[in-house]
Structures are given as structure tokens and as C-alpha cells.
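One-based numbering, in listed order, for ligands and for the atoms of each.
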Amino acid sequence: MGVITKLPQQVCDDCAATTNDRDAAPRCRACGGLLSLVHPPPEVRGAALRASFADACCARPSRTASGVWRFGAIVHPGAVDDAVSHPEGNTPLIGREAIGAWAGVDGLLLKHEGHNPTGSFKDRGMTVAVTQARRIGARAVACASTGNTSASLAAYAAQAGMTGLVFIPEGQVALGKLTQTLAYGARTLMIQGDFDACLRLVQEAGESLGVYLVNSINPFRLEGQKTIVLELLQQLDWDPPEWLVLPAGNLGNTAAFGKALEEAKAWGLITRVPRLVSVQAAGAAPFAAAFERGFDHLDTLTPETLATAIRIGAPASYDRAVRAIRGTDGLVLSCTDSEILEAKAVIDRAGVGCEPASAASVAGVRKLRAQGTIKEGDRVVAVLTGHILKDPGILQRMHVEDGPLSSNANRPILVAPTLAAIEAVLTSLDR
Ligand code: F0G
């Protein structure tokens, strides 16, 4: 079915200058603004467009398997047949009574993006960005990262046979992510600075060295990340929840969610838009602070949080994220590290598990419910952005003896190699 006949253009968010879908410039050549991919309206809408995604599932093997390329017609139609796909997406919507009960929301659903091939939602954007890099003949792909983007870049660059270059903040990337990045073979530059410094540097390097940038300001990344929303709406039979809650750092994902919802409404995929909620860590919450001031301006800051994935003080996609929150009558809030780690302990103990930053969404749900913003009976989907194994080191900090979370401590038990010793342990657990 011909859903799209014309290709999208890259359009500057600030001055509306346009360029074609093969231009490698990381920003607008006229004014330096961020570029968005603007799709011509699909030829079919509503039920027919929804049905076309189901058709796409069956049409080609690569689309069948990928929860990103299934939506290729409204993501990157020019590249569907040449996708660098693992595949990715098709992540579960999980309900667990214990987590809903803790958050105070019956039927709380978790969209677990940790089920992607490299263990985070980044794979959805990266499959599209690396596909684009190969399509335009880039010599290498590069990004700055708090760890997940670099792991994803490394995997997709390896698959595409391209050089991958990543800039990461020294001492601030969780072990699982660093290990992946190195193992997949990306050249890894550990910068003596924070993520914001890495992002500044990689943009300068990208411009002068002709390397294709795949940070979340890259419009193709955002197109891929839209599919988190499209897929969860499809899983809910296109009946949206009242609330959609996600952790936020550099704000690329908030921007992608806003674009997905705006397009879904405009093209009749849904008739009502959920309220988007971005949750930041209290020590890295410039977006939440700006929201409190009615988004008058952004004050950047030096970030500090145990949730290293979102340890970001100068979010690059601020303007787009403001539009996403305004366009969905959304909210922004922050949670302390202890609130985030408490949520993580509940998610982990329910057998679901996630990395610390991911738990911010559930911590945020609990807060909004406690203050009565989320009402009894509201349907809520919270996004878990990364896998539990991403940050094994955090367990030591969560389970410190006499620490704030010592009641959750689950330390290994040292036993003699005898049945009697094991029986003694079991008996003590029965009590
Ligand atoms: N959750 C996780 C697990 C992340 O890795 C990130 C971002 C976010 C949430 C926030 O998403 O930046 O789009 O607001 N990680 C980036 C990285 C910065 O480099 O991996 P955002």
C-alpha cells in the first residue's frame, strides 16, 4: 500500500529553511538551528494508516522483525529497504501489581525499552541514524554519551561496517555501558569533563572532521525514537492512556515523544493525546526548573546524580521538549536520588528490573499520584529506558549497610559447603 509517495525534508526548527533528506549537516546551514524531519501527510489516515503498519509487518522480512521499520513509512520512508536493523523494538508492555501498588496506580503499565538489543531505547534511534549514515556515504559516526547512546552506536556501527567514535565523560559511565561500547569496537574517547563538555566537543569535531553526528539532536534519531510511542499505542489498540511518563536528560526522547503524538493525532492514528510527563533527577533538573518558571528560559547547571544516564545540565533539545510538553498539556518534575533508587528497588524486586535513570519514571508516577495530579482510575504508561544490567555498580550503593536503603539490602550469604549450612540459611529465611 502506498502510504507515502513523497520523501520528507529536513526543516530548521528556528528559521524554517529546508534541505533534502540526504543532507549530512548536523544543524541548519543558514542559522545553526536544530533540524527536524517533516513528513508530507500520508495519503491514507486513521484506520487505513493503522492497518498499513500491520501490512508492513508481513511485507518484508526486515520489517517483520523490527518494531522501528514496521513504522518506516512515517519514520524514514526513503531508507526502509536498506535498513541497518538488528532488529530492534517490539518491547513488552508489562504490568506488575506490586509496582502499581507502590506507585498508587492500579494497572500501571511499563514499556520496557531495556528489551532492545543493546539494552536501551537508544537502539530505536540508532538503527535509523546509522542507516542514514550509510545511505549518505559517511566515513564514520560519532556521538557524545552518558553510556547508552555509545553502546548503541558501537553495535550499529559494527553491523554497518563503519567506524564509530564516542566521547564519554570520564568516571561517569556505568560499567555495563562502557563494556559494551568497547566490546562492539567503537573508538572510545574518555573526556576529562562532563557530558555537556563531551557534546560541545563532538559537535566541533563533527563539523571540522566530516564525521556524521548521531546524538539525539540528529533528526533521524528522533524519528526512530518516535516508535516507542507508536508501538505502545499499537499495543493498546490505539486507545491512549491518560498519562505517558518518561525519564529525561538531554530531552531528545521527550522531543521525539511530542513529535510522535502530534503526528499521530494529525494523521488520525489517535483521537486524544496523552499528557506527557518528563521526570528528571533532582540534581540534574534544569528542564523541571524551567517548567516551574513557565518555561521563561533555561538555566544550565553542573549536574549531579547517581542516575548517570541523565546526569546532564545543558539539555540540547530544550526548545523541542518545551513544545512537546506544551503540546500535550504535559508536566515536568524531578525526583531525588533516594526516590529514584527506592523506585528501582521496587521494580527490581518485582522481577522486572531496570537501570537507575529508568526508575525515575515510576518515581515520578508515585509523586504525581500522591499529590493527586494523577487521578484514581487514570491509565498510566511509564517508560523504562534501560536494562538492569547496565549499571551493576549501583547495587553496591543501594545496598550499603546502614545506608538509607539498608532495609532493601540483599547481600550474598557466605556459607560453608555443607547441606547443614544451607538448611540453616533456609530455616532463617522461613522466619
Ligand atoms: N534513560 C536512559 C537509560 C538514558 O540513557 C537516557 C539518555 C535517558 C533516559 C534520557 O533521554 O537524553 O533523550 O532525555 N541517555 C543519553 C546517552 C544521554 O548518551 O545515552 P534523553
- request: For residues Phe291 and Phe287, establish whether the separation of their ring centroids is below 6.0 Å.
  value: no

message: Would you say Lys259 and Ser36 are linked by a side-chain donor-acceptor pair, where the criterion is simply a distance under 3.5 Å?
response: no

- prompt: Going by the order shown, which atoms of ligand 1 are within less than 4.0 Å of some heavy atom of Asn250?
  reply: 12 (O), 14 (O), 21 (P)

query: Is the shortest N/O to N/O distance between Phe121 and ligand 1 below 3.5 Å?
result: no

message: Starting from atom 5 (O) of ligand 1, what is the nearest protein heavy atom, named by residue and atom, and what distance separates them?
response: Asn148 ND2, 2.8 Å

- request: Could you list which atoms of ligand 1 come closer than 4.0 Å to a heavy atom of Glu355?
  value: 3 (C)

- prompt: Are the side chains of Phe121 and Thr91 in touch, meaning some heavy atoms are under 4.5 Å apart?
  reply: no

query: Do the side chain of Arg275 and the main chain of Val245 share a donor and acceptor less than 3.5 angstrom apart?
result: no

task: Using a cut-off of 6.0 Å, state whether more than 12 heavy atoms not belonging to Arg187 lie near its atom CZ.
output: no

- prompt: Judging by distance only, is a nitrogen or oxygen of Thr385 under 3.5 angstrom from one on ligand 1?
  reply: yes

task: List every atom of ligand 1 that sits less than 4.0 Å from any heavy atom of Ser145, numbering the atoms from 1 in the order shown and giving each element.
output: 17 (C), 19 (O), 20 (O)

- request: For atom 7 (C) of ligand 1, grab the closest protein heavy atom and report residue, atom and distance to one decimal in Å.
  value: Lys122 NZ, 3.0 Å

field: Ala248: numbered ligand 1 atoms lying under 4.0 Å from its heavy atoms
entry: 14 (O)

query: Got Val279 and Ser334 here, is their nearest side-chain heavy-atom distance under 4.5 Å?
result: no

Extract all donor-acceptor atom pairs below 3.5 Å that involve side chains of residues 309-316 and protein atoms in other chains or at least two apart in sequence.
unit_1, atom_1, unit_2, atom_2, d
Arg311, NE, Gln172, OE1, 3.2
Arg311, NE, Glu304, OE2, 3.4
Arg311, NH2, Glu304, OE1, 2.9

Residue and atom name of the nearest protein heavy atom (relative to atom 18 (C) of ligand 1), distance in Å to one decimal: Thr146 OG1, 3.4 Å

message: With a 4.0 Å cut-off on N to O distance, would you call Asp21 and Arg135 a salt bridge?
response: yes

- request: Find out whether Thr336 and Leu341 are in side-chain contact, i.e. whether some heavy atom of one side chain is under 4.5 Å from a heavy atom of the other.
  value: no

message: Taking 4.0 angstrom as the limit and counting only heavy atoms of Gly252, give me the atoms of ligand 1 inside it, by number and element.
response: 13 (O), 14 (O), 21 (P)

- prompt: If you count the atoms of ligand 1 from 1 in the order shown, which ones are under 4.0 Å from a heavy atom of Ile310?
  reply: 8 (C), 9 (C), 10 (C)

message: Would Thr254 count as a polar contact of ligand 1, with the cut-off being nitrogen or oxygen pairs under 3.5 Å?
response: no

Contact (N/O only, under 3.5 Å) between Thr149 and ligand 1: yes

query: For atom 4 (C) of ligand 1, which of Ala309, Gly147, Ser152, Ala144 has the closest heavy atom?
result: Ala309

- prompt: Can you tell me which residue and heavy atom of the protein come closest to atom 13 (O) of ligand 1, and the distance to 0.1 Å?
  reply: Asn253 N, 2.8 Å

query: Is there a side-chain contact between Cys354 and Ile388, using heavy atoms and a 4.5 Å cut-off?
result: no

message: Under 4.0 Å from a heavy atom of Ile312: which atoms of ligand 1 are those, numbered in the order shown and with their elements?
response: 18 (C)

